[in-house]
Amino acid sequence: MSADDDAPDAEADSTPADSPHILSEQARGADGEVGAGDETGDGGGKGFHAFWADVVADEIEARDPDEPIVIKGGVSPSGVAHLGNFNEIIRGYFVAAVLRERGHEVRQVFTSDDKDPLRKLPRKLANADGEIVGLGEVDAGALGRNLGKPYTAIPDPFGERESYAAHFAALLKADADRLSIPVEMVSNTELYADGAFDEVTRTVLADLDGVREVLSEYQDKVDGEYVPFNPVCSECGKITETVTSVDLDAETVEYVCTDMDVGDNTIEGCGHEGTATFREGKLPWRLEWPGQWDVLGVDFEPFGKDHAEGSWPSGVDVARRVFGTEPPVPMVYEWFTLNGEPLSSSAGNIVTVPELLELLEPAVLRYFFALHPKKARDLDIERLDQLVDRFDRFERAYFGEVDDEDLTAFAERAYPFVVGRADDPPEEKPVRLPYTFAAVLGMVDDPDFRERLARDEGHIPEDASDEVVEAALARVEKARSWAERTGNEYDYRLQTELPDADFDDDIAAALDDLADFVAAGHDGDAIQSEMYETARAHDVEVSDFFAAGYRLFFDDTQGPRLGEFLGELERDYVVARLRREA
RNA sequence: GGGCCGGUAGCUCAGUUAGGGAGAGCGUCCGGCUUUUAACCGGACGGUCGGGGGUUCGAAUCCCUCCCGGCCCGCCA
């Protein structure tokens, strides 16, 4: 704002340029009157970008980073690896892909912050297939006894991996694989065990007063006694908080295993007094995060809005004043809601990657995350068709078939990354069945029926190869799963057995007439017309007649356009069913 | 209470970089396909761009202010 109201307003420690909201306002340099100091700024003349990942890539390039450029994400293992966690991988992926396309070497890593202690029991877990299960399905007691221990020191509740942490990390890695995202999983525990953290730990413990001064600006609990290192108790295995002395030469600390407060509860310490090396403990989060930047040489990291005002400013400060390094380029992403509600594993409002991939193609899911990260979005399972439609339109825009400049500009840049083929973009547009139409086809299992109807409705080109047809029809199973999962207006199923139903004489006679008509051989349009004629001829309400048809074929009161549908089915079957014979 | 981010049609969202026509898809309604029955085609309806003020010949876009929502502001991550 104005130039001269900077009273003795104390610390301007973090300048606006440290705002993590690089995709929002032009917070930096916006008021051109800052004048001189700012030549390393944001590199001035960068053009407009239709794809946000290019904006981020510009920021990274402006730092002139060493290669490979390192992009990081990370979470603490919790009960379920849900789609929200996946932001940490896929948002970085788009930036990584753009940088690679620009000729850089990029390393994308994901830290599983698995030396963190389990602080409370999760309400839900995900098994190895990503399916969500309740605590009751595992040995909850065993988990409870391990409160306070690092996730890597807790057995896998499903008894498959070497630890709780490994189980969780494997889930996320599997999700990344499913979406063809190359990411290197890094165990935070191993970083300590391998000594990668020795140097930063030494830096912290060598200047306790200096570190306390920085931290105390962000944490009330930091006093002259506070030692920011949490050893693992050699006796009970829990993370401890009370360090009594530091021996820099030996690289050890003395500690007492005291109680740890977690919310309303207390995790009891065992009282053991012991000695731990730098590798037998961890730094608290506010130091650990910038420590990871230093250890891994991180150039870019996306994070959720919850970190934007808490961890990030302190992390910037710690990086500079404690470690003497520059923090990475940041990027805040908005959280999305699921079916209009916040993601919550305890409330059961979560969805996993494998679950979603039963309902739509990987490219559609990647498209969802290619949309602007600063917008709060809702992923509405009931209306997944809208998302898929938007993707289809986006894809058509890439192939120049949509009269929309903005969308086309976005698609031209982002589409190759969305389909994971930045260096080899598709030259021909895939054949896509409209999602709701695919759901209609899903009412019948017969693949030939599906293809015939899709062709008749003009959704498959005459000269399509078998591969193209097969690829197009693959969406039918997705849409079918969607209809079943939501129980929506496409959730009809062609009945193979004759449903139990009675009809009055007029309707029965009309059905018989229609059966004769079908037996004589007519196409779908004709059958549709004949249904009206027949109903009138027998003085039956058209709606009642259709209802009878839906009862016979779908055991329901409604359904798709019946005539066209019957026209594609096997004639003998239709005739017999109309005659209520089979 | 303070800070940050967001608020564009019923729904999902573009458009804000460089101020100039308020848009798309879906839904709804109407119509078409000899035919009230969810797929196809055409058309229409639909918005105080969260409210107010300001700058400007001109504001969704820039400035101020207020409202609403989310996040952060003890610990943890």
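FYI, side chains are in, hydrogens and waters are out, and symmetry mates aren't considered; it's all heavy atoms of this structure. Naming: A, B, ... by sequence-line order, numbering from 1 per chain. Quantities reported herein were computed from a predicted structural model and do not represent experimental measurements.
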Is any side-chain nitrogen or oxygen of [X] closer than 4.0 Å to OP1 or OP2 of [N]?
X: A:Lys221; N: B:rC76; result: yes
X: A:Arg377; N: B:rG70; result: no
X: A:Lys120; N: B:rC76; result: no
X: A:Gln219; N: B:rC76; result: yes
X: A:Lys115; N: B:rA77; result: no

Candidate nucleotides [options], ranked by approach to the side chain of [X] - the nearest:
X: A:Lys374; options: B:rU36, B:rA77, B:rC5; result: B:rC5
X: A:Glu309; options: B:rA39, B:rG3, B:rA14; result: B:rG3
X: A:Asp113; options: B:rA77, B:rC75, B:rA14; result: B:rA77
X: A:Trp285; options: B:rA77, B:rG15, B:rU36; result: B:rA77
X: A:Gln386; options: B:rG25, B:rC76, B:rU36; result: B:rG25
X: A:Asp306; options: B:rU12, B:rC71, B:rA39; result: B:rC71
X: A:Arg286; options: B:rA77, B:rG6, B:rU36; result: B:rA77
X: A:Lys305; options: B:rC40, B:rC71, B:rA77; result: B:rC71

Do [X] and [Y] have a side chain donor and acceptor closer than 3.5 Å?
X: A:Asp378; Y: A:Thr337; result: yes
X: A:Thr152; Y: A:Asp114; result: no
X: A:Glu361; Y: A:Tyr367; result: no
X: A:Asp385; Y: A:Tyr490; result: no
X: A:Tyr333; Y: A:Glu88; result: yes

If we take the [atom1] atom in both [N] and [M], what is their distance in whole Å?
N: B:rA14; M: B:rC71; atom1: C1'; value: 25 Å
N: B:rG15; M: B:rG47; atom1: C1'; value: 14 Å
N: B:rA59; M: B:rG19; atom1: C1'; value: 6 Å
N: B:rG10; M: B:rG54; atom1: C1'; value: 33 Å
N: B:rU61; M: B:rU8; atom1: P; value: 14 Å
N: B:rA60; M: B:rA77; atom1: C1'; value: 39 Å

Rounded to whole Å, how long is the line connecting atom [atom1] of [X] with atom [atom2] of [N]?
X: A:Leu562; N: B:rU36; atom1: CG; atom2: P; result: 15 Å
X: A:Leu407; N: B:rC13; atom1: CG; atom2: C1'; result: 10 Å
X: A:Ile239; N: B:rC75; atom1: CD1; atom2: P; result: 18 Å
X: A:Tyr435; N: B:rG27; atom1: OH; atom2: P; result: 15 Å
X: A:Leu371; N: B:rU12; atom1: CG; atom2: C1'; result: 10 Å
X: A:Leu473; N: B:rA39; atom1: CG; atom2: P; result: 19 Å

Looking at every strand, decide which applies to [X] at a 4.0 Å heavy-atom threshold: base, sugar-phosphate, or nothing.
X: A:Leu453; answer: base
X: A:Tyr550; answer: base
X: A:Arg390; answer: base
X: A:Gly549; answer: nothing
X: A:Asp116; answer: sugar-phosphate
X: A:Arg396; answer: nothing
X: A:Lys282; answer: sugar-phosphate
X: A:Trp335; answer: sugar-phosphate
X: A:Asp220; answer: sugar-phosphate
X: A:Phe545; answer: nothing

**Message:** Between A:Glu568 and A:Arg455, does any side-chain N to carboxylate O distance fall below 4.0 Å?
**Reply:** no

**Asked** Should the pair A:Glu334-A:Lys374 be classified as a salt bridge under the 4.0 Å nitrogen-to-oxygen rule?
**Response** no

**Message:** Just checking A:Lys120: does its NZ atom have more than 12 heavy atoms from other residues, nucleotides or ligands closer to it than 6.0 angstrom?
**Reply:** no

My understanding is that a pair needs two contacts under 3.5 Å, Watson-Crick or G-U wobble. By that rule, which nucleotide pairs with [N]?
N: B:rG21; result: none
N: B:rG46; result: none
N: B:rU55; result: none

**Request:** Can you check whether any acceptor in the base of B:rU34 is under 3.5 Å from a donor in the side chain of A:Ser529, or vice versa?
**Result:** no

**Message:** I'd like to know if A:Arg383 reaches the base of B:rU12 with its side chain, counting only an N/O donor and acceptor under 3.5 Å.
**Reply:** no

